[in-house]
**Q** 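Sharing a structure below in structure tokens format, with a few things to ask.
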2 protein chains.
Amino acid sequence: MSSHPQLCHSDCQDCPIRHRAVCAHCDSCELEELEEIKYYRSFEAGQTVIWSGDQMSFVGSVVSGIASLTQTMEDGRTQMVGLLLPSDFVGRPGRDGAPYDVVATTDLVMCCFRKKPFEELMARTPHIAHRLLEMTLDELDAAREWMLVLGRKTAREKIASLLSIIARRDASLTKRGMSGPMVFDLPLTREAMADYLGLTLETVSRQISALKKDGVIHLEGKRHVTIPDMGRLMEEAGDDTDGGFLV
Amino acid sequence: MSSHPQLCHSDCQDCPIRHRAVCAHCDSCELEELEEIKYYRSFEAGQTVIWSGDQMSFVGSVVSGIASLTQTMEDGRTQMVGLLLPSDFVGRPGRDGAPYDVVATTDLVMCCFRKKPFEELMARTPHIAHRLLEMTLDELDAAREWMLVLGRKTAREKIASLLSIIARRDASLTKRGMSGPMVFDLPLTREAMADYLGLTLETVSRQISALKKDGVIHLEGKRHVTIPDMGRLMEEAGDDTDGGFLV
DNA sequence: CGACACATTGAGGTAAATCAAGTTGTGTGG
DNA sequence: CCACACAACTTGATTTACCTCAATGTGTCG
């Protein structure tokens, strides 16, 4: 609280998301061009980064922290439609309005580019355009996988699916493998999980308690999760235990 | 049934999806290159175009008819994750395996390209790559809008949402406007609608009957729909009646 | 005509929502 | 240091929207 996260990743070469973000395929020359137009922004947990319907003046990558994309109906029902983790891209080159709210779920640092210069750079830098297409296709896959979760899975399966996704993304970020027990902190409140899963927060709470009682997960406090057996969790999620890929 | 749909749209210039498909931004020179590697394929209603997990040897555009993307769990629960209408693109340049089944929902004609040559052409034709990114972003928006439908809407709202989407896409294809009553044929069985909406077919049937009883829609036979008041339908869908854009 | 795929309608059961207390934990101010 | 407020969470009782199971209806095609 005392000080903002430091805004001093001045050098792209050392950037923690260098090899996964939109700049992944850039050579050092292209990186220099990006370096010139980039700037960092921090957001505190709970802050709205972009309002649905607003003009988007910038695009950028999540460097650290988590952001969520949410849609809200007039009567207040809300659905989270995306979870943005470090290296994920925010914004839509070529589009003006933002189609959903972007909210900082935890404290957040983003590497931003003003939209116009970025679009121009993209137009003459196939490496960037290509990487962006790749990332967009990945997001589309993730969204469609989520449609199966929302449309057809039970509450228990939904929770197990969410835990397994978070566990896997966490493992791939921290580079601990997927063998042995997995340990991580839930970055979401029960309510945020409910918004992601199309449930109520009470149902989320009940199902987490049930998974805990059945030994599928362990909890210390409300957020610290241990998964003794990842295969078991994936069974609970209704996913193919076999063709399990590690992202 | 007697004869397959004709496979003779030999000239891209006259193609009905020329201005909306992946080739939309191409100049006549680029079009000629595409023309050389393209070929048409027809599928009968019910046929599977691509099996989930299979190698994809081609990509292509829907020329006429409707295809659907579906995901299936081991126990048979299925969720439709995309509805492909004329001009929509099938396939993922740069990826090998297909992530979901592609099924011809009606008789279907596709304009195909072998994957390799298309990828090579794309690499040196920014117009194509750019258009594909545009289209992928649109699909991502559609998928996310659908997540709200699946996660938070009631059965009645889901049906209304589906009808309103089909009505709008139909209007934009046939170029009839959105003023006055809208008339179209449902291209989906009750079961397919259920798979799209995360419902059972019985619930779909009941809600359609209810919307009919309440005068929101008219039905002739089981498939021919008239929507006397589009605004009313969109209210039923829980959508903003105001900021209504016409696709 | 009968067979078949598609659709409707009804009766009853159930998973999850809703409504309603509590509990836990953390930071604030007296 | 304790009392208090507050947000996050848990747990219980009740309701309800949707599912499941089952019977019946409608249209098309050989």
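Throughout, protein chains are lettered first and strands after them, A, B, ... in sequence-line order, and every chain is numbered starting at 1.
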**Q** Can you tell me how far CH2 of Trp146(A) sits from NZ of Lys153(A), rounded to the nearest 0.5 angstrom?
**A**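 The NZ atom of Lys153(A) sits 7.5 Å away from the CH2 atom of Trp146(A).
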**Q** Rounded to whole angstrom units, what separation is found between the CZ atom of Arg77(B) and the P atom of dT20(D)?
**A**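 The answer, rounded to whole Å, is 10 Å.
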**Q** Starting at atom CG of Leu197(B), determine the distance to atom P of dA17(D), rounded to an integer number of angstrom.
**A**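 Value for this atom pair: 18 Å.
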**Q** Specify the separation, in whole Å, of atom CG of Leu188(A) and atom C1' of dC9(D).
**A**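 The answer, rounded to whole Å, is 15 Å.
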**Q** Enter the distance from Leu148(A):CG to Ser161(A):OG here, rounded to the nearest 0.5 Å.
**A**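 Atom-to-atom, Leu148(A):CG and Ser161(A):OG are 8.0 Å apart.
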**Q** Between the side chains of Asp138(B) and Arg92(A), is the shortest nitrogen-to-carboxylate-oxygen separation below 4.0 Å, so that they form an ion pair?
**A**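 Salt bridge absent between Arg92(A) and Asp138(B).
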**Q** Looking at Glu236(B) and Arg232(B), does any basic side-chain N land under 4.0 Å from a carboxylate oxygen?
**A**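 Here Glu236(B) pairs with Arg232(B) in a salt bridge, since their nearest N and O are under 4.0 Å apart.
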**Q** Nearest whole angstrom, please: distance from the C1' of dT10(D) to the CZ of Arg223(A).
**A**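 Checked: the CZ to C1' distance equals 14 Å.
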**Q** Would you kindly give the CZ-to-C1' distance between Arg152(B) and dC18(D), to the nearest whole Å?
**A**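 It works out to 16 Å between those atoms.
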**Q** Would you sort out whether Thr78(B) and Thr70(B) count as a side chain to side chain donor-acceptor pair (under 3.5 Å), showing the intermediate values?
**A** CA-CA 7 Å; Thr78(B) 78; Thr70(B) 63; over 6 Å; no
**Q** Might you work through the side chain to side chain donor-acceptor pair (under 3.5 Å) test for Ser164(B) and Arg168(B), ending with a clear yes or no?
**A** CA-CA 6 Å; Ser164(B) 114; Arg168(B) 269 180 291 169; 3.0 Å; yes
**Q** To the nearest angstrom, how far is Glu191(B) atom CD from dT8(C) atom P?
**A**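 The answer, rounded to whole Å, is 13 Å.
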**Q** CD1 of Ile159(A) versus C1' of dA15(C): gap in Å, rounded?
**A**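 The distance from CD1 of Ile159(A) to C1' of dA15(C) comes to 14 Å, rounded to the nearest Å.
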**Q** Assign Arg156(B) to base, sugar-phosphate, or nothing according to its heavy-atom contacts below 4.0 angstrom with the strands shown.
**A**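 No contact.
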**Q** For Met193(A) and for Ala155(B), locate the closest nucleotide of DNA chain D by heavy-atom distance; then report the residue assigned to the nucleotide nearer the 5' terminus.
**A**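 Whichever sits nearer the 5' end wins; that is Met193(A).
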**Q** Using a heavy-atom distance cut-off of less than 4.0 Å, which residues of residues 200-214 of chain B contact DNA chain C?
**A**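 Output list: Leu201(B), Glu202(B), Ser205(B), Arg206(B), Ser209(B).
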**Q** Suppose we screen for side-chain contact (heavy atoms from CB on, under 4.5 Å). Which residues come up paired with Ser209(B), at least two apart in sequence or across chains?
**A**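 Scan of Ser209(B) (side-chain contact (heavy atoms from CB on, under 4.5 Å), adjacent residues dropped) gives none.
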**Q** For a quick check of understanding: with a heavy-atom distance under 4.0 Å over all strands, which category does Gly198(A) fall into, base, sugar-phosphate or nothing?
**A**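 If one applies the 4.0 Å heavy-atom cut-off, Gly198(A) turns out to touch the sugar-phosphate alone, with no base involved.
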**Q** Output the rounded distance in Å from CG (Asp75(B)) to C1' (dC19(D)).
**A**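 Rounding to the nearest Å, CG of Asp75(B) and C1' of dC19(D) are 15 Å apart.
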**Q** Return the nearest nucleotide to the side chain of Thr154(A); candidates are dA16(C), dA7(C), dC9(D).
**A**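 So the nucleotide nearest the side chain must be dA16(C).
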**Q** Nearest to the Lys222(A) side chain among dG25(C), dA16(C), dC18(D), which nucleotide is it?
**A**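 Closest nucleotide among those given: dG25(C).
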